[in-house]
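Written out below as structure tokens is the structure these notes cover.
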There are 2 protein chains.
Amino acid sequence: MTAITASEEIVLEQPCPIRDVLDRIGDQWSLLILEALAPGTLRFNALMREIGDISKQMLSRTLKQLEQDGFITRTLYPEVPLRVEYALTPLGHSFLEPMQQLVAWADTHHRTIVAARLQYQASQT
Amino acid sequence: MTAITASEEIVLEQPCPIRDVLDRIGDQWSLLILEALAPGTLRFNALMREIGDISKQMLSRTLKQLEQDGFITRTLYPEVPLRVEYALTPLGHSFLEPMQQLVAWADTHHRTIVAARLQYQASQT
DNA sequence: CTGAATCCTATGGGATACTG
DNA sequence: CAGTATCCCATAGGATTCAG
């Protein structure tokens with residue numbers, strides 16, 4: 001079938017655990033979403049505003065992925081107009097801990113990296 | 001110019017530090033390479049064997065990126081046949097510390113995630 | 001309001017052949 | 001041995017439109 005599967009299939013598992021996890025949250029948006037939800041529950045449009053430059057498309061897709069993987073919960077309130085709230089699960093919260101270490105590292109060493117790039121560029125004449 | 005720039009331009013910096021860092025090492029190979037170099041210096045083909053399923057193309061590109069950003073050094077020994085050795089810099093080593101936390105997290109919670117996927121799949125009837 | 005479907009482009013990454 | 005250049009395909013992601 002060359003056709004794109006309409007209801008996107010769920011890939012259950014990849015060989016390497018770390019790859020499996022990083023492939024999922026290593027995209028452009030997952031991490032941003034998780035951190036946006038760290039302070040507390042948010043609705044779809046609130047997330048849009050919070051993140052700023054994400055498209056509805058990608059927010060929707062990524063939220064679904066994160067829900068699949070158990071990082072967040074999606075709660076539908078069948079009111080009019082519709083209300084949907086997203087929140088971190090305990091798994092999602094626990095993930096942010098090691099992640100904060102990385103964020104801290106990035107903040108600390110960012111200038112070093114930029115400097116390295118400048119130096120490399122200069123060394124290439 | 002629609003033509004692809006032959007000598008790939010160096011992007012010096014992106015607005016958000018964490019994005020800037022993650023965009024660079026969030027690809028499919030950077031992390032694997034860094035961890036392969038953790039025990040010590042390796043040559044090009046040794047890295048190929050160590051990583052297993054990477055193409056020369058991607059290994060070459062990614063090594064260059066990592067060198068640019070100051071994570072690794074490239075040392076050329078102009079012998080015959082040519083010998084090139086790659087090694088972590090202090091920056092590269094320091095990066096692996098927070099990264100180990102994440103790897104540990106992934107190992108610990110991998111089964112939970114797979115379980116979540118199964119449950120989600122089931123819940124979709 | 002909360003998405004799903006469609007269309008389109010840019011990029012990541014593999015395979016292969018060629019060079020110093 | 002250590003790459004670079006070229007070709008090609010699959011996927012990420014934006015914009016827009018449609019639906020519940």
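Predicted model only: the values in this text are computed from it and were never measured. Computed from heavy atoms alone, side chains included, the values below leave out hydrogens, waters and symmetry copies.
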Answer whether the closest heavy-atom distance between the side chains of [X] and [Y] falls below 4.5 Å.
X: B:Lys64; Y: A:Tyr120; answer: yes
X: B:Leu63; Y: B:Ile72; answer: yes
X: B:Phe71; Y: B:Leu37; answer: no
X: A:Ile33; Y: A:Glu50; answer: no

Exercise. CZ of B:Arg83: more than 12 outside heavy atoms within 6.0 angstrom?
Worked result: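 Atom CZ in B:Arg83 is crowded, with more than 12 foreign heavy atoms closer than 6.0 Å.
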For this session: Verify the neighbour count for atom CD of B:Gln100: are there more than 12 heavy atoms of other residues, nucleotides or ligands below 6.0 Å?
Result: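 Enclosed.
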What is the distance, to the nearest angstrom, from the [atom1] atom on [X] to the [atom2] atom on [N]?
X: B:Leu22; N: D:dA12; atom1: CG; atom2: P; value: 17 Å
X: A:Glu79; N: C:dG3; atom1: CD; atom2: P; value: 13 Å
X: B:Leu63; N: C:dG13; atom1: CG; atom2: P; value: 14 Å
X: A:Ile33; N: C:dG3; atom1: CD1; atom2: C1'; value: 14 Å
X: A:Arg24; N: D:dT11; atom1: CZ; atom2: C1'; value: 14 Å
X: B:Asp23; N: D:dG13; atom1: CG; atom2: C1'; value: 13 Å
X: A:Leu32; N: D:dG13; atom1: CG; atom2: C1'; value: 14 Å

Problem set entry | Angle of first-five versus last-five pair axes in the helix from C:dC1-D:dG20 to C:dG20-D:dC1, to 10 degrees |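 Comparing the axis at each end, I get an angle of 40°.
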For this session: Would you indicate, yes or no, if C:dG3 has its OP1 or OP2 atom less than 4.0 angstrom from a side-chain nitrogen or oxygen of A:Tyr86?
Result: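 True: A:Tyr86 side-chain N/O within range (under 4.0 Å) of C:dG3 OP1/OP2.
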Problem set entry | B:Arg74 side-chain N/O to D:dA2 phosphate OP1/OP2 under 4.0 Å |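 So the side-chain polar atoms of B:Arg74 never come under 4.0 Å of the phosphate oxygens OP1 or OP2 of D:dA2.
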Problem set entry | Under 4.0 Å protein heavy-atom contacts per nucleotide of nucleotides 14-20 of chain D, with B for base, S for backbone only and - for none | BB-B--B
Exercise. In residues 34-50 of chain A, which ones come under 4.0 Å of DNA chain C, going by heavy atoms?
Worked result: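 The stretch gives A:Arg43, A:Phe44, A:Asn45 as the residues lying under 4.0 Å from the strand, ordered by number.
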Problem set entry | Side-chain (A:Arg24) to main-chain (A:Ser30) donor-acceptor, under 3.5 angstrom |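 Looks like no, no N/O pair under 3.5 Å.
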Problem set entry | Nearest atoms (heavy-atom pairs only) where B:Met48 meets B:Ile54 |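 Looking at all heavy atoms of both residues, the closest pair is SD-O, 3.9 Å.
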Exercise. So what does B:Tyr77 hit on the nucleic acid, given a heavy-atom distance under 4.0 Å: a base, only sugar-phosphate, or nothing?
Worked result: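 Since no nucleic acid heavy atom lies under 4.0 Å of B:Tyr77, the category is nothing.
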Problem set entry | Among C:dG3, C:dA4, C:dG13, the nucleotide that comes nearest once only the side chain of A:Lys64 is considered |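 Side chain of A:Lys64 sits closest to C:dA4.
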For this session: Report the relative orientation of the aromatic rings in B:Tyr86 and B:Phe44; use parallel for angles under 30°, tilted for 30 to 60°, perpendicular for over 60°.
Result: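 If you compare the ring of B:Tyr86 with that of B:Phe44, the planes turn out tilted.
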For this session: Go through the steps for A:Asp20 and B:Arg117 under the test salt bridge (Lys or Arg N to Asp or Glu O under 4.0 Å), then give the verdict.
Result: CA-CA 12 Å; A:Asp20 192 19; B:Arg117 287 177 194 157; 3.2 Å; yes
For this session: Please test A:Glu35 against A:Leu31 for side-chain contact (heavy atoms from CB on, under 4.5 Å), starting from the C-alpha separation and ending with a verdict.
Result: CA-CA 6 Å; A:Glu35 294 194 328; A:Leu31 185 55; 4.3 Å; yes
